[in-house]
Number of protein chains: 4
Amino acid sequence: MKRTKPKYKQIVDAAVIVIAENGYHQAQVSKIAKEAGVADGTIYLYFKNKEDILISVFREKMAIFVENINEILTKDLSISEKLLQVVENHFRVLQNDPHLAIVTQLELRQSNKDLRFQINNVLKEYMILLDQLLEEGVEKNELSSELDLRLARQMLFGTMDETITSWVMNEQKYDLISLAPKVSNMLLRGYQQR
Amino acid sequence: MKRTKPKYKQIVDAAVIVIAENGYHQAQVSKIAKEAGVADGTIYLYFKNKEDILISVFREKMAIFVENINEILTKDLSISEKLLQVVENHFRVLQNDPHLAIVTQLELRQSNKDLRFQINNVLKEYMILLDQLLEEGVEKNELSSELDLRLARQMLFGTMDETITSWVMNEQKYDLISLAPKVSNMLLRGYQQR
Amino acid sequence: MKRTKPKYKQIVDAAVIVIAENGYHQAQVSKIAKEAGVADGTIYLYFKNKEDILISVFREKMAIFVENINEILTKDLSISEKLLQVVENHFRVLQNDPHLAIVTQLELRQSNKDLRFQINNVLKEYMILLDQLLEEGVEKNELSSELDLRLARQMLFGTMDETITSWVMNEQKYDLISLAPKVSNMLLRGYQQR
Amino acid sequence: MKRTKPKYKQIVDAAVIVIAENGYHQAQVSKIAKEAGVADGTIYLYFKNKEDILISVFREKMAIFVENINEILTKDLSISEKLLQVVENHFRVLQNDPHLAIVTQLELRQSNKDLRFQINNVLKEYMILLDQLLEEGVEKNELSSELDLRLARQMLFGTMDETITSWVMNEQKYDLISLAPKVSNMLLRGYQQR
DNA sequence: TATGAATGAGATTTCATTCAT
DNA sequence: TATGAATGAAATCTCATTCAT
């Protein structure tokens, strides 16, 4: 299972396209192979099984989020500014890759429990970073000292997720990124002391 | 397609149990029929196809939410109090029916795009009620006049949804209902003018 | 798994024909279904899986041997006469069902270890009857008192088996049944005291 | 197709080991290549295809039997003594190479009809030698003049084969070689005039 | 000679749905 | 209305073999 060879990336990218265009249940291995320009059997030189392709898609793409967020967190900015950048980043990555948006918001959710469990493990890393952001806000006295961190993070992630899903279901008709300031403002006020 | 006969309800209830206990992908029509105490073929006297069973499950159960929320909205209460009651109601219905919680938060999400679009149509009714609540808040000057209603509602629904899903994924180990005040408070502040 | 319905027998018989005519590895379930005049899926109402079909073929057909041998053993005959009848019976059943002969002597031996283990269990019943025959011969002093029963039975079965396999490999060109007296005579002498 | 180079022998020996340890159906070409310490493709410089490896295994190993038997036949011994030595030799070669015993008695029998016909061709050479032994016995008046040579040889081979297969299936728990005298005695008596 | 990455054909099994009774 | 036996389409994965290097 080589994870570095160009063919590995070819197949992951092909999977995103095929799933976005055909839907999760119509994304047969043979379609992915065709899109990637390799034989069906070649897939299995790089992935253990079909599930392994899907979890890899998620892992590879989620890495982009994590990397960006990490960068934002290390900057010397106020929490309100960081929060805005986090939301904007989340929105931007998905607006700029419409296929990926469909895949993460609609298609991959159709996967079975096993796969979703694995996806959740990948998501945890992202969640931890969101937790860090909020914790920092409390420490710096920018957010309420009484904030329930878990609930706050669930509000953050749930709001972004629902906003994006609605946008995808509305066929990505409006500009998502420009909604980020309003969203982060609402969240911020929710997190602040009265 | 009789929607009133007892057998219709029998089958819907059987579906909830079977899906919760076996998972979406292991909820075969024959299992549902067995649980309902009818023959496989009988299912098709009451439902067009399997998807029709699932959407019916959602529609029937969602009716409980809508009914409750409707009642709350007509009461003579402040928005902050109504918001609390809405969140509490949402949490309570699902905490009191663990099978249903599993089905709505985890299992039904595995359905295909078509079914999910239909589910979203059912959800719309609920969304409209949430919109009304927020609108009323703006009109009564309890919420910021600059509130973006759609985003606000997405924050409301997204936060509740994510909170419940996390709770289900944590095997419903803690008390969900008691989180309602904190959640509604955070939301409320987010919706208010500084 | 109904073992009595006519369709069960239909499928078993079809399996014998298909395996004999196409060979073990070319006996696809769909071919068997076609030969039996049922749909592919119907097979799985009567058999757990493909292996279950094959072991059933063996079990059903072996029952004929066991039944016949049992009958012979209960007759009031000399051991030499019983031995002759046993050999003759073995040869006759297979000569009269050329398909079955091909299946038992050539095709079913290609099965994997698991299946062969199960087949051996079925064979054991037959082996035990052969043991009884030889034991009776010793008790009645018709066979040498020093006979090693296990080796004697291995000689009996091995000789019959090799004789039939050679006959099958020679495309069943000569009369097998008429060889029974010579074969049983040779065996008998081998079992007798000098 | 060089049959002399060391790599040819390396591969044949690797095949015996891989088949014995993994079973016929789990003996992939790539496993054999790995065991032999060569690349998959290299196999095809020495063998036409996989079947060719297997038939080669059989041919190479059978040569040992043929050589030994030839030697025995040329000795100046009574038929009864030669028969004993033949049986003993057959048992000894397999008892001393447990891997080979498993391969010849269990695994190679799972091969398809084509391969088994080829194996039988190789076996024929051995069968001819057994025929010669029996013929010599008749000529020297040590065996019955009325012996049916083919049946007698089938009894000889079938008995040895079944005895060894039982021993292998019993996990080679007892001493096989020491059974040779009893076996050859039973056979001898069967071949002699009353 | 030697390599090993790539190929692609092929079959078992499940399960939603039908329809004769 | 109700039954349940029968249907049949459809997809993952393996592995012998090839061939460019």
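Both backbone and side-chain heavy atoms feed into the values below; hydrogens, waters and symmetry mates do not. Below, chain A is the first sequence line, B the second, and so on; all start at residue 1.
The interatomic distance linking A/E51 (CD) with F/dC13 (C1') rounds to 15 Å, in whole Å. One interatomic measurement links the two molecules: NZ of B/K31 to P of E/dC15, which rounds to 8 Å at whole-angstrom precision. The nearest whole Å value for the distance from the CG atom in D/L115 to the C1' atom in F/dA16 is 15 Å. Counting to the nearest Å, the P atom of E/dT14 and the CG atom of C/N49 are 9 Å from each other. For the pair D/K34 NZ and E/dT3 P, the interatomic distance rounds to 14 Å; values are reported in whole Å. With rounding to whole Å, C/K48 atom NZ is found 11 Å from E/dT13 atom P. Atom pair D/Y46:OH and F/dT17:P shows a separation of 18 Å (rounding to whole Å applied). Rounded to an integer number of Å, the gap from CD1 of C/I32 to C1' of E/dA11 is 12 Å.
Exactly one residue among C/I43, C/V57, C/V29 makes a side chain to side chain contact (heavy atoms under 4.5 Å, CB included) with C/I11. That residue is C/I43.
Residue B/Y44 has no polar side-chain atom (N or O) positioned under 4.0 Å from OP1 or OP2 of F/dT3.
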For DNA chain F, the dot-bracket pattern of Watson-Crick and G-U pairs whose distances stay under 3.5 Å, | for other-strand partners | .||||||||||||||||||||

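Every residue was checked against the salt bridge (charged side-chain N to carboxylate O under 4.0 Å, His left out) condition with D/D40, not counting sequence neighbours, and none meets it. With sequence neighbours excluded, the residues that form a side-chain contact (heavy atoms from CB on, under 4.5 Å) with C/I17 are C/E21, C/E35, C/H99. With sequence neighbours left out, B/E51 forms a side-chain contact (heavy atoms from CB on, under 4.5 Å) with B/N49, B/N112, B/D114, B/L115, B/Q118.
Using a 4.5 Å heavy-atom threshold, the side chains of C/K9 and C/E60 count as separate. In this structure, A/V18 and A/Q28 have side chains that are not in contact, with every pair of non-hydrogen atoms separated by 4.5 Å or more.
Atom CD1 in C/I19 sits 11.0 Å away from atom NZ in C/K31 (nearest 0.5 Å). Interatomic distance, D/E107 CD to D/L54 CG, rounded to the nearest 0.5 Å: 11.0 Å.
No more than 12 heavy-atom neighbours from other residues, nucleotides or ligands sit within 6.0 angstrom of CD on D/E125.
Using cut-offs of 30° and 60° for the angle between ring planes, the A/Y8 and A/F47 rings count as parallel.
Here A/V29 lies in heavy-atom contact (under 4.0 Å) with sugar-phosphate atoms only.
Between A/V122 and A/R59, the shortest heavy-atom distance links the atoms CG1-CA, 4.1 Å. Between B/V103 and B/V16 the shortest heavy-atom distance is CG2-O, 3.6 Å.
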When you compare the protein's N or O atoms with those of nucleotides 7-9 of chain F, which come within less than 3.5 Å of each other, and at what distance?
| from | atom 1 | to | atom 2 | distance (Å) |
| --- | --- | --- | --- | --- |
| F/dT7 | OP2 | C/A39 | N | 2.9 |
| F/dT7 | OP2 | C/T42 | OG1 | 2.2 |
| F/dG8 | N7 | C/G41 | N | 3.1 |

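Nearer the 5' end of DNA chain E, as judged by each residue's closest nucleotide, is the contact made by C/Q26, out of C/Q26 and B/A27. In terms of position along DNA chain F, the nucleotide closest to A/Q28 lies nearer the 5' end than the nucleotide closest to the other residue of the pair D/H25 and A/Q28.
Near-neighbour residues of DNA chain E inside residues 12-21 of chain C, defined by a heavy atom below 4.0 Å, are absent.
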